[in-house]
Enquirer: 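Attaching a single structure in structure tokens format; questions to follow.
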Amino acid sequence: MIRTRFAPSPTGYLHIGGVRTALFNWLFARRYGGQFLLRIDDTDVGRNQPEALQPILDGFRWLGIDWDEGPEVGGPYGPYYQSERLDRYQAAVKTLLEKGLAYYDYATVEEMKAEREAAERAKRPFLYSRRWMAETPADRARWESEGRKGVVRLKMPREGVCRFYDHIRGDMAVEWTHEADHVIQRADGSCLYNLANVVDDHDMRITHVIRAEEHLSNTPRQIFIAQGLGYELPEYAHVPFVAEPGSKNKLSKRKLAQYLKNPDFRQVYEHGKAIAAVLGLPASAETFNPVIVDFYRQVGYLPDALVNYLLLLGWSLDDKTEFFTRAEMIRHFSLERINKSAASFDAKKLRAFQERYMALEPVERKTELVLPFLQKAKLIPRPAPAEVVQRVMAIVRAAGERIKVAGDILDYDAFFVPTERLNYDDKAFTQHIRKPAANALLRKIRQRLETAAFEAKALELLIQEFAQTEGVKLNDINQPLRVAVTGKAIGFSTYETLALLGREHCLERIDRVLAQTEGL
RNA sequence: GGCCCCGUCGUCUAAUGGUUAGGACACGGCCCUUUCAAGGCCGCAACAGGGGUUCGAAUCCCCUCGGGGUCACCA
């Protein structure tokens, strides 16, 4: 039975890079009918609060990445919070101590630092002198009586080579002497990541450790611990991290300002921000950031689009397949086809996937996706009455592929606000309405609309005929009309717009702009 | 700096000794068109460099250069 895991720290948000690693773990487990679990890496602090975990769990659920064991679902190998597993770690430390694979050490932080710096000055690799390694209980007692605090360090081999196989990197070999005597237990008895991780992976029967490349250099010391504890080693696969737009640095949520210099990244961000502004969502970099998964949920992306994009960020099936259903991803996923080098995050390409996915959704589904956005913007009531849903569906149908993310429905607010609250885009107004010719044409077409049938096809014929008799281009009448009734120079078909709005609203709005441009 | 990893169009990638180095996103042009999208067609654009091995190298070997990760009582 294949078992993989993802071990997030409860930081309050789900990072794009983390999610991709989790996705690879999930796919690999599902591919072989195995299990995927979530374990919470909260060894570090007491400040871990449930509210910092919730967004992460919500994010996974939204993406459809489910876990067989872990928070909220339990499982036979719990607890799944490292903060609740201290006894296991301490037992492991005891074993390592007994086997002579670890030792109590009484060096102060300053003393260690001094040794490190001395080595640096001498331009030789740092290797701890083990000056304060307690070899006997008497040593411990003596140093403790001096007021020193003892930590437990790994007693790493100082000769030989650590060899292991990595499913992505191939055969690895690292000299043991390059591994420092890392601390595994603090003076207060709490334990550190490298130890906890190994113990948990073993206790939870993890067979394949698929994690970010930055952990590659932790692997020898973890192997040392695992072997010391008599564990069977898991298989390893170190996936390259997700890099910044246009660079090879690791993607970080703290560098939003820098990424915004990238035009593609900026465009995606600004688009989302405009939607957030209408919804009144807070837009701090902490929560509203294209590096964070929740950004896409808030703006109305489809989880399948995000997952598909992430899948292809560092993995590919062949030279042509771009679109994968979940079932297809699961069927085809393999560690061997993960790339070795870091892949830059390209928000624009993610958006392209989103557009393709959205275009595939039937109108009914798009309508469902869009309703909550209209409700959050207080443009329609919650719950929405049937006739409102029908109306929204008609608008969604008319908008077609212009709705690229669910939040784009907010571009069509003109259909939901009363005439007096309709906002006119300044530029559109100046260009298409505030002109004597436009005023005259609007006045004339208004008359025709009074008696016209408000149906798209009929309106199209009417306006075409009107333009011809007036001797003007279709554009000369369509644009003023569109701006008059929607406030914007862009949108779907003018004829459909008028029809959907209805005679009453259209006349009202035309009257409003006529009044404003009187006497030009 | 030590150790480790990586290096094909701007970006994501295909190619596993023999291809005019393919596709996608982005970008540019044209067409379509009542605006805006969408769509159609065309185009721009890469094997980091140098040595080998070989009849033949993006692919194998070596060196150089470049980029990144890691060197915590963080995870």
Side-chain angles (χ1 to χ4, degrees), chain A residues 7-9 11 41-45 82 105 107-109 112-113 116 119-120 123-126 149 151-153 166 168-169 172-175 177-180 182-188 190-194 196-197 212-220 238 240-241 243 245-250 262-264 267 309 312-323 339-353 355-356 359 399-404 408 411 428 432 460 463-464 467 473-479 481-483 486 488-495 497:
Chain A
S9 293
T11 51
D41 239 321
D42 56 356
T43 40
D44 184 27
V45 264
Q82 292 194 326
D105 183 71
T108 63
V109 175
M112 282 303 276
K113 192 168 165 228
R116 232 188 304 271
E120 207 167 307
K123 292 197 195 300
R124 64 179 155 73
F126 167 64
K149 297 268 191 268
V151 299
V152 177
R153 285 183 188 279
D166 185 281
I168 295 166
R169 314 279 150 186
M172 299 288 303
V174 180
E175 307 255 350
T177 181
H178 292 139
E179 283 296 313
H182 283 94
V183 174
I184 52 174
Q185 186 176 66
R186 299 186 183 91
D188 67 3
S190 63
C191 292
L192 270 54
Y193 169 78
N194 280 298
N197 199 43
E213 163 182 44
E214 62 212 79
H215 291 286
L216 191 57
S217 56
N218 292 335
T219 306
H238 287 92
F241 46 80
S247 112
K248 291 295 176 198
N249 294 331
K250 194 165 75 173
N262 176 298
D264 290 348
Q267 194 186 323
Y309 170 73
L312 262 16
L313 196 57
W315 181 88
S316 67
L317 175 63
D318 53 30
D319 61 339
K320 51 179 85 68
T321 319
E322 300 175 81
F323 293 89
N339 251 298
K340 284 177 154 80
S341 55
S344 303
F345 179 69
D346 181 350
K348 202 73 173 288
K349 185 151 187 173
L350 162 54
R351 204 180 126 97
F353 272 96
E355 290 175 11
R356 296 290 293 275
E401 295 186 7
R402 292 172 185 80
I403 296 179
K404 300 176 193 313
D408 284 338
D411 288 342
H432 300 289
E460 179 172 1
I463 290 170
Q464 281 172 343
K473 283 182 290 185
L474 226 33
N475 218 356
D476 295 330
I477 182 62
N478 275 323
Q479 282 299 76
L481 263 180
R482 187 198 315 282
V483 176
T486 67
K488 298 178 176 78
I490 55 171
F492 48 80
S493 154
T494 304
Y495 320 120
T497 301

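These values consider heavy atoms only, across backbone and side chains, with no hydrogens, waters or symmetry-generated copies. Just so it is clear, the model here is predicted, and its values are computed rather than measured. By convention in this document, chain letters (A, B, ...) are assigned in the order of the sequence lines, proteins followed by strands, and residues within each chain are numbered from 1.
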Enquirer: Between rC44(B) and rA24(B), how far apart are the C1' atoms? Round to whole Å, please.
Expert: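 Those two atoms are separated by 16 Å.
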Enquirer: How long is the straight-line distance from OG of S217(A) back to CE of M172(A), given to the nearest 0.5 Å?
Expert: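 Answer rounded to 0.5 Å: 9.5 Å.
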Enquirer: Does any nucleotide pair with rA75(B) by Watson-Crick or G-U wobble geometry, both distances under 3.5 Å, and what is it?
Expert: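 The base-pairing partner of rA75(B), which may sit in any strand shown, does not exist here.
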Enquirer: Is there a donor-acceptor contact under 3.5 Å from the side chain of K123(A) to the main chain of E120(A)?
Expert: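 No, K123(A) side chain to E120(A) backbone: no donor-acceptor pair under 3.5 Å.
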Enquirer: Which residues pass the ring-ring contact (aromatic ring centres under 6.0 Å, His included) test with H215(A), sequence neighbours left out?
Expert: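 Result, ring-ring contact (aromatic ring centres under 6.0 Å, His included) vs H215(A): Y193(A).
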Enquirer: Checking contacts here: which listed nucleotide (rA75(B), rU34(B), rC73(B)) is nearest the side-chain heavy atoms of N194(A)?
Expert: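 Selected nucleotide: rA75(B).
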Enquirer: Classify every nucleotide of nucleotides 5-14 of chain B by which part a protein heavy atom approaches to under 4.0 Å, writing B for the base, S for the sugar-phosphate alone and - for neither, in 5'-to-3' order.
Expert: SSS---SBSS
Enquirer: If you look at every strand shown and take non-hydrogen atoms under 4.0 Å, does H215(A) touch a base, only sugar-phosphate, or nothing?
Expert: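 Answer is base: heavy atoms of H215(A) come under 4.0 Å of a base.
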Enquirer: At under 4.0 Å between heavy atoms, what does Y495(A) touch on the DNA or RNA strands: base, sugar-phosphate, or nothing?
Expert: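 Base, at least one base heavy atom under 4.0 Å.
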Enquirer: In whole Å, what separates the P atom of rC55(B) from that of rA15(B)?
Expert: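 The same atom, P, in both gives a distance of 27 Å.
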Enquirer: Looking at rA48(B), which nucleotide sits across from it as a Watson-Crick or G-U wobble partner, both distances under 3.5 angstrom, or is there none?
Expert: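 With both distances under 3.5 Å, rA48(B) matches rU64(B).
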Enquirer: Look at the rings of Y309(A) and F345(A) and say which category their plane angle falls in: under 30° parallel, 30 to 60° tilted, over 60° perpendicular.
Expert: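 Taking F345(A) first and then Y309(A), their aromatic rings stand perpendicular (interplane angle over 60°).
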Enquirer: Taking atom P of rC36(B) as reference, at what distance in whole Å does atom NZ of K488(A) sit?
Expert: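 About 16 Å, once rounded to whole Å.
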Enquirer: What distance, rounded to whole Å, do you find between the two C1' atoms, one in rC47(B) and one in rG22(B)?
Expert: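 Nearest-Å result for rC47(B) against rG22(B) at atom C1': 13 Å.
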Enquirer: C1' atom, rG40(B) versus rG18(B): distance in rounded Å?
Expert: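 So the two C1' atoms sit 36 Å from each other.
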Enquirer: Rounded to the nearest 0.5 Å, what's the gap from CG on N197(A) to CG on D41(A)? Could you check?
Expert: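 Rounded to the nearest 0.5 Å, the CG-CG separation comes out at 6.5 Å.
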Enquirer: Nearest whole angstrom, please: distance from the C1' of rC74(B) to the CG of D42(A).
Expert: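 One finds 13 Å between C1' of rC74(B) and CG of D42(A), rounded.
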Enquirer: To the nearest angstrom, how far is F353(A) atom CZ from rC25(B) atom P?
Expert: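 Between P of rC25(B) and CZ of F353(A): 9 Å.
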Enquirer: Please report the C-alpha distance between H238(A) and T219(A) in whole Å, then the side-chain angles of each, then the deciding distance to 0.1 Å, and finally whether the side chain to side chain contact (heavy atoms under 4.5 Å, CB included) criterion is met.
Expert: CA-CA 10 Å; H238(A) 287 92; T219(A) 306; 3.1 Å; yes
Enquirer: How would you label the contact of R351(A) with the nucleic acid (heavy atoms, under 4.0 Å): base, sugar-phosphate, or nothing?
Expert: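 Nothing, no heavy atom under 4.0 Å.
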Enquirer: Expressed as a whole number of Å, how far does the C1' atom of rC32(B) sit from that of rC36(B)?
Expert: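 One C1' to the other, the span is 14 Å.
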Enquirer: Across all strands shown, which nucleotide pairs with rU54(B) by Watson-Crick or G-U wobble geometry, both distances under 3.5 Å?
Expert: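 Check on rU54(B): unpaired, no WC or wobble geometry under 3.5 Å.
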Enquirer: Ignoring backbone atoms, test whether R402(A) places a side-chain nitrogen or oxygen under 4.0 Å from the OP1 or OP2 oxygen of rG39(B).
Expert: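 Checking rG39(B) against R402(A), no side-chain N or O comes under 4.0 Å of OP1 or OP2.
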Enquirer: Between rU35(B), rG2(B), rA75(B), which nucleotide gets closest to the side-chain atoms of L192(A)?
Expert: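 The answer is rA75(B), which lies nearest to the side chain.
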Enquirer: Can a side chain N or O of R482(A) be found less than 4.0 Å away from OP1 or OP2 on rC36(B)?
Expert: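 Indeed not, no polar side-chain atom of R482(A) lies that close.
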Enquirer: Could you check whether K348(A) gets within reach of a base, just the sugar-phosphate, or nothing at all, counting any heavy atom under 4.0 Å?
Expert: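 Answer is sugar-phosphate: K348(A) comes under 4.0 Å of backbone atoms only.
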Enquirer: Grab the CD1-C1' distance between I490(A) and rU34(B) for me, whole Å please.
Expert: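 Rounded to whole Å, this separation is 14 Å.
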Enquirer: Indicate, with a heavy-atom threshold strictly under 4.0 Å, whether L474(A) touches base, sugar-phosphate, or nothing.
Expert: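 Counting heavy atoms under 4.0 Å across all strands, the contact made by L474(A) is with sugar-phosphate only.
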Enquirer: Between S493(A) and Y495(A), is there a donor-acceptor pair closer than 3.5 Å when you use the side chain of the first and the backbone of the second?
Expert: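 Such a contact is found between S493(A) side chain and Y495(A) backbone.
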Enquirer: How far does CZ of R169(A) sit from NZ of K340(A), to the nearest 0.5 angstrom?
Expert: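 One gets 7.5 Å once the value is rounded to the nearest 0.5 Å.
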Enquirer: Does some side-chain heavy atom of R402(A) sit less than 4.5 Å from a side-chain heavy atom of D408(A)?
Expert: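 Side chain of D408(A) against side chain of R402(A), heavy atoms only: no contact under 4.5 Å found.
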Enquirer: Could you check which of rA38(B), rU35(B), rC74(B) has an atom nearest any side-chain atom of E355(A)?
Expert: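 So the side chain of E355(A) is nearest to rA38(B).
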Enquirer: Let's test this: given Watson-Crick or G-U wobble pairing with both distances under 3.5 Å, identify the partner of rU8(B).
Expert: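 When the pairing criteria are applied, nothing turns out to pair with rU8(B), so the answer is none.
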Enquirer: Expressed in angstrom and rounded to an integer, what is the separation of K320(A) atom NZ from rC25(B) atom P?
Expert: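 The answer, rounded to whole Å, is 16 Å.
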Enquirer: For H178(A) and for V151(A), locate the closest nucleotide of RNA chain B by heavy-atom distance; then report the residue assigned to the nucleotide nearer the 5' terminus.
Expert: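 The 5'-side residue here is H178(A).
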Enquirer: Please figure out whether K149(A) or N478(A) has its closest RNA chain B nucleotide nearer the 5' end.
Expert: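 Closest to the 5' end, via its nearest nucleotide, is N478(A).
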Enquirer: In the structure shown, which nucleotide is the Watson-Crick or G-U wobble counterpart of rC3(B), with both distances under 3.5 Å?
Expert: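 Base-paired to rG69(B).
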Enquirer: Within this structure, what is the CG-to-C1' distance between N262(A) and rC25(B), rounded to whole angstrom?
Expert: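 About 13 Å, once rounded to whole Å.
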Enquirer: Atom CD1 in I477(A), atom CZ in R482(A): separation rounded to 0.5 Å?
Expert: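 If I round to the nearest 0.5 Å, the distance is 11.5 Å.
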Enquirer: Write down the distance separating the P atoms in rA58(B) and rC4(B), rounded off to the nearest Å.
Expert: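 Nearest-Å result for rA58(B) against rC4(B) at atom P: 29 Å.
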Enquirer: Paired with rU20(B) by Watson-Crick or G-U wobble geometry, both distances under 3.5 Å: which nucleotide is it?
Expert: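 Its partner: none found.
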Enquirer: Between rC12(B) and rC31(B), how far is it from one C1' atom to the other, in whole Å?
Expert: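 About 29 Å, rounded to a whole number of Å.
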Enquirer: Taking the same atom, P, in rA46(B) and in rC60(B), what whole-Å distance lies between them?
Expert: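 rA46(B) and rC60(B) have their P atoms separated by 22 Å.
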Enquirer: Starting from P on rU33(B), measure out to CD on Q479(A) and report it in whole angstrom.
Expert: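 Taking atom P of rU33(B) as the reference, CD of Q479(A) is at 17 Å.
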Enquirer: K250(A) has a side chain; which of rA75(B), rA24(B), rG69(B) sits nearest to it?
Expert: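 Side chain of K250(A) sits closest to rG69(B).
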Enquirer: Classify A107(A) by what it touches in the nucleic acid, base, sugar-phosphate, or nothing, heavy-atom distance under 4.0 Å.
Expert: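 The residue A107(A) makes base contact.
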Enquirer: For a quick check of understanding: with a heavy-atom distance under 4.0 Å over all strands, which category does K404(A) fall into, base, sugar-phosphate or nothing?
Expert: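 Sugar-phosphate contact only - K404(A) comes under 4.0 Å of backbone atoms but never of a base.
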Enquirer: According to the Watson-Crick and G-U wobble definitions, with both distances under 3.5 Å, which nucleotide is paired to rC27(B)?
Expert: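 Its partner is rG43(B).
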Enquirer: Output the rounded distance in Å from NZ (K123(A)) to P (rG1(B)).
Expert: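 Taking NZ of K123(A) and P of rG1(B), I get 10 Å after rounding.
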Enquirer: Consider side-chain contact (heavy atoms from CB on, under 4.5 Å). Of L481(A), T494(A), T497(A), which one does T486(A) pass it with?
Expert: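 The single option meeting the side-chain contact (heavy atoms from CB on, under 4.5 Å) with T486(A) is T497(A).
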